[in-house]
Amino acid sequence: MLTLRLPDGATREAPEGALPRDVVASIGPRLLRDAIAVELDGEVLDLDTPLRKGGAFRVITEKDPESLAVLRHSGAHILATAVRRLRPDAKIGFGPAIEDGFYYDFEVKEPFTPEDLEKFESEMKKVISEKFPFVREEVSQAEARKRFADDPLKLERLGEFSDDEIISTYTDGPFIDLCRGPHVPDTSYLKNFKLLHTAGAYWRGDEHRQMLQRIYATAFWKKEDLEAHLHQLEEGKRRDHRVLAQQLDLYSTDARVGPGLILWHPKGAIIRNEIEEYEKALILRHGYDLVFTPHIVSEKLFQISGHLENFKENMFGAMDVEGASYRPKPMNCPGHIVIYQSHQRSYRDLPIRYAEFGAVYRYERSGTLHGMMRVRGFTQDDAHIFCTLEQVPAEIDRLLDLCDEMLKTFGYPYTIELATRPDKALGTPEVWQNAEKTLADALNKRGQSFTYDEGGGTFYGPKLDFKLIDAIGRKWQGPTVQLDFNLPERFGLEYTGPDNTPHRPIMLHRVLVGSMERFVGGLIEHFAGAFPLWLAPEQVRVIPIADEVKGFAQSVVERLKTRGVRVHLDDRSETLNYRIREGEMMKIPYMAVVGKREAESDSIALRVRGAGKKQEVMTVTDFLARIEDELATRALKP
RNA sequence: GCCACAGUAGCUCAGGGGUAGAGCACCCGAUUCGUAAUCGGGCGGUCGUGAGUUCAAUUCUCACCUGUGGCUCCA
């Protein structure tokens, strides 16, 4: 007999091989109706998978987040069922649930078209209405080979099973798949789904293997959730930084310059410069020293750092300079280390914090480039902290303050992940455990919640990853802090301790925005191009209603200009409506409309971006005070 | 790099074996307006680049370049 512990503390006895369905039914028939799957000791099983061991037992219903993955995985089978009906020649690969939906990979001679997708979707609806049960069977290797004789990809997978592994198949109507499960009871459970797009994908993610055709889709229990998700995708498209940047004239690329190389237009440059100025003041306040290092560097440096060995495929080629090889730097760390080594260092000097807005160049494969998000030349807001082991907690604490302050300024909520030792790693497990504990302690001490990303560290040390959440709920890579056990060794970094002997410092790498390019690209989408006042390329546009008040409008412009406000006068001979419309489309935070009434009272009719006709009339003096306050506090609105 | 798709005026796009069209933008003129497009006129493209097929290519074919969606990789 197996003993199952229920969440309320009660226990149930069930014979070995009992079906979860029967156990759930014994708890209550209503529960069985709502049950999607069960969880046994953390493993999700469907209702028809025989129980082989006892443990913590929990029923999963639509309310549990785990149920969504079960639904989506079943959705993948339903998709494959439909595809097989319409394209019997399609060989099946894998079809897992993923974060926002599911996909299925097929090997086909003719790639799928958007019209195919529509047909598959209607065919899926048929499969759903046919209400095929998902039938689980456990079979022998020989039997499995027979069943998948026509599916070479499945046969390959079968070859990897060890003798003691259970091979299971799932059948829904005409379709059979090699699959571990779990699945929903039958195909009718899938009600709210949408096929999204197709894409090529390597068989088993290996670029040396053949390309399969992948169909991406999403599914939810509730119609509202599906609609919300599709709306978020739409909203993401509407905010696409490449489109907005074109409309707002922020940056461009050009084939003559080269792909993945960003040309910052004046308006984009203003945004970037505001961020840099802000960050510069911030880090100087937090005890950093600014440095500059060259863009091209002798290869010797990268031999010492190991980049030439480990990062070569991402480095641009060498250029010959009087017989010596130079390369554009892919990272700033070695340069900062050399500055550290330009003097003998004492424990009294530490911590040393070098910061640089360092341009780096990395050879990224052409297919990976994407707007400002993935480029070949970018500027990192990079810093390296050299300190003693004892100083690490205080440095982490300082960094958490710094990140928190900065992310609040941009209006990003965030989460933190602590990435731990990967399989292939430098240094002993003890050193790692110690370092991971130091990081965790620093977070815990200030009550900062975080999750673990097990095995997600770099080979040279653990790291903290900040994940930003943007205005429509998407996650972005934010600041990272990495401990480095490697470079101090390779360069033989030293400082003299109080005991008058040499010691090896600890090195911390950290970026806040990461790369100016990627961060600004993200900001464009976060704000949908409507930048807060302090970042807006054009902050105020003054619009005289008619020529007779041009002089007054000019005086408003002058007064704003002397306070450093980025202001323009739009006195073109266009209608007021036309000029207002253009200002709105350029997402200018404030339009100061002035007519005869305003000129008489030294005031403006202020149109706030996005507020439509709800204008406020205020004196120029009051407007100046308002602007100055919003700039000083870097207000997020308007 | 790989798979699929795309490239026509500054932008968004229509067209199609006989060397091109719209709207917006831009320029000129009229208009002087109270909160999201005033009217009229004009300028503007060797149809991504190169080669091939053809009497004839922007249109068909191939290669390359650039971009898009993914894969792989990543700030």
Side-chain angles (χ1 to χ4, degrees), chain A residues 103 105 107-108 110-114 196-216 237 240 242-243 246-247 249 252-260 311 313-314 330-332 358 360 362-382 458 465 476-480 482 509-519 521-522 543-550 571-586 591-598 605-615 617:
Chain A
Y103 65 77
D105 285 344
E107 188 172 17
V108 281
E110 294 295 316
F112 301 130
T113 63
L196 298 173
H197 54 259
T198 59
Y202 298 111
W203 168 232
R204 317 208 77 172
D206 182 344
E207 62 178 310
H208 303 294
R209 304 296 301 269
Q210 70 268 41
M211 259 293 164
L212 307 181
Q213 292 296 314
R214 176 170 297 178
I215 298 177
Y216 280 96
K237 263 186 219 161
D240 189 320
R242 295 162 303 180
V243 177
Q246 163 81 259
Q247 283 163 12
D249 193 19
S252 61
T253 56
D254 189 294
R256 291 167 297 179
V257 175
F311 204 69
E313 67 278 13
N314 279 303
M331 290 186 185
N332 302 301
V360 295
R362 296 184 189 173
Y363 168 67
E364 301 287 354
R365 300 204 287 179
S366 55
T368 66
L369 301 174
H370 179 89
M372 299 182 104
M373 299 299 181
R374 191 77 184 273
V375 294
R376 285 182 174 157
F378 56 98
T379 301
Q380 290 182 304
D381 62 331
D382 211 355
T458 59
D465 265 327
W476 301 79
Q477 175 65 51
T480 63
Q482 296 185 356
H509 305 248
R510 65 107 263 232
V511 292
L512 298 181
V513 308
S515 100
M516 298 311 300
E517 285 73 9
R518 183 176 283 186
F519 190 72
I543 304 179
I545 288 174
D547 284 350
E548 56 178 349
V549 287
K550 242 173 159 173
D571 59 355
R572 288 175 302 169
S573 130
E574 299 287 352
T575 60
L576 180 63
N577 276 340
Y578 179 89
R579 288 176 289 164
I580 297 275
R581 176 180 152 85
E582 194 175 277
E584 286 286 353
M585 290 202 305
M586 293 308 286
M591 278 184 270
V593 179
V594 297
K596 233 158 98 181
R597 294 204 293 268
E598 287 75 22
L606 184 66
R607 186 183 166 111
V608 181
R609 179 180 57 208
K613 284 185 186 174
K614 273 183 285 166
Q615 47 172 328
V617 178

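Order of the sequence lines fixes the chain letters, A, B, ..., with proteins taken first and strands second; residue numbering starts at 1 for each chain. Since we're looking at a predicted model, the values are computed, not measured.
If you check every strand for non-hydrogen atoms under 4.0 Å, Q477(A) touches sugar and phosphate atoms only. Counting any heavy atom pair closer than 4.0 Å across all strands shown, F112(A) reaches no nucleic acid atom. Note on E517(A): nothing from the nucleic acid sits closer than 4.0 angstrom, heavy atoms only. Using a 4.0 Å heavy-atom criterion, one finds that F378(A) contacts the bases of the nucleic acid, with or without backbone contacts as well. Among the protein residues, V511(A) comes within range of no part of the nucleic acid, since none of its heavy atoms lies under 4.0 Å from any strand. Within 4.0 Å (heavy atoms only), G200(A) reaches at least one base atom of the nucleic acid. Counting any heavy atom pair closer than 4.0 Å across all strands shown, V375(A) reaches a base atom. Within the 4.0 angstrom heavy-atom criterion, base atoms lie near E598(A). Across all strands shown, G367(A) has heavy atoms under 4.0 Å from base atoms, whether or not it also approaches the sugar-phosphate.
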Please produce a list of atom pairs where a protein N or O lies less than 3.5 Å from an N or O of nucleotides 42-44 of chain B.
none

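Taking only distance into account, the side chain of E582(A) never meets the base of A25(B) through a donor-acceptor pair shorter than 3.5 Å. For R204(A) against C71(B), no side-chain N or O and base N or O form a donor-acceptor pair under 3.5 Å. The base of A4(B) has none of its N or O atoms less than 3.5 Å from a complementary donor or acceptor on the side chain of R214(A).
Every stem involving RNA chain B, taken as at least 3 paired positions in a row under the Watson-Crick or G-U wobble test at 3.5 Å, is listed here: B:1-7 with B:65-71, B:10-13 with B:21-24, B:26-30 with B:38-42, B:48-52 with B:60-64.
Across the protein-nucleic acid pair, E364(A) atom CD and A75(B) atom C1' stand 9 Å apart, rounded to whole Å. Rounding to whole angstrom units, CZ of residue R572(A) and P of C26(B) are separated by 6 Å. Rounding to whole angstrom units, CG of residue D547(A) and P of C33(B) are separated by 9 Å. Taking atom CD of residue E574(A) and atom P of nucleotide G29(B), one finds them 13 Å apart after rounding to whole Å. In this structure, the OH atom of Y103(A) is 16 Å from the C1' atom of G69(B), given to the nearest Å. As rounded to whole Å, 12 Å separates atom C1' of G67(B) from atom CG of D240(A).
Ranking C71(B), G69(B), U38(B) by closeness to the R242(A) side chain, first place goes to G69(B). Proximity note for R579(A) (side chain, C-beta onward) versus G69(B), A75(B), C33(B): the nearest is C33(B). Distances from the side chain of A255(A) to the nucleotides C74(B), C65(B), A36(B) place C65(B) closest. Counting only heavy atoms from C-beta on, Y578(A) has its side chain closest to C26(B) among U66(B), U72(B), C26(B). Considering only side-chain atoms of R365(A), the nucleotide from U72(B), G70(B), U38(B) that sits closest is U72(B). You'll find that the side chain of L576(A) is closest to G34(B), out of U32(B), G67(B), G34(B). Distances were taken from every side-chain heavy atom of R607(A) (C-beta onward) to each of U12(B), C74(B), A36(B); the shortest belongs to A36(B). Nearest nucleotide to the side chain of M585(A), out of A75(B), A36(B), G70(B): A36(B). Set against U66(B), G1(B), C71(B), the side chain of S366(A) has G1(B) as its closest nucleotide. The nucleotide whose nearest atom lies closest to any side-chain atom of P111(A) is, among U35(B), A4(B), G67(B), A4(B).
Nearest-nucleotide positions on RNA chain B place Q213(A) closer to the 5' end than the other of T480(A) and Q213(A).
The existence of a salt bridge linking D254(A) and R256(A) is confirmed by a sub-4.0 Å separation between a basic side-chain nitrogen and an acidic carboxylate oxygen.
Phosphate contact (OP1/OP2 of A37(B), side-chain N/O of N577(A), threshold under 4.0 Å): present.
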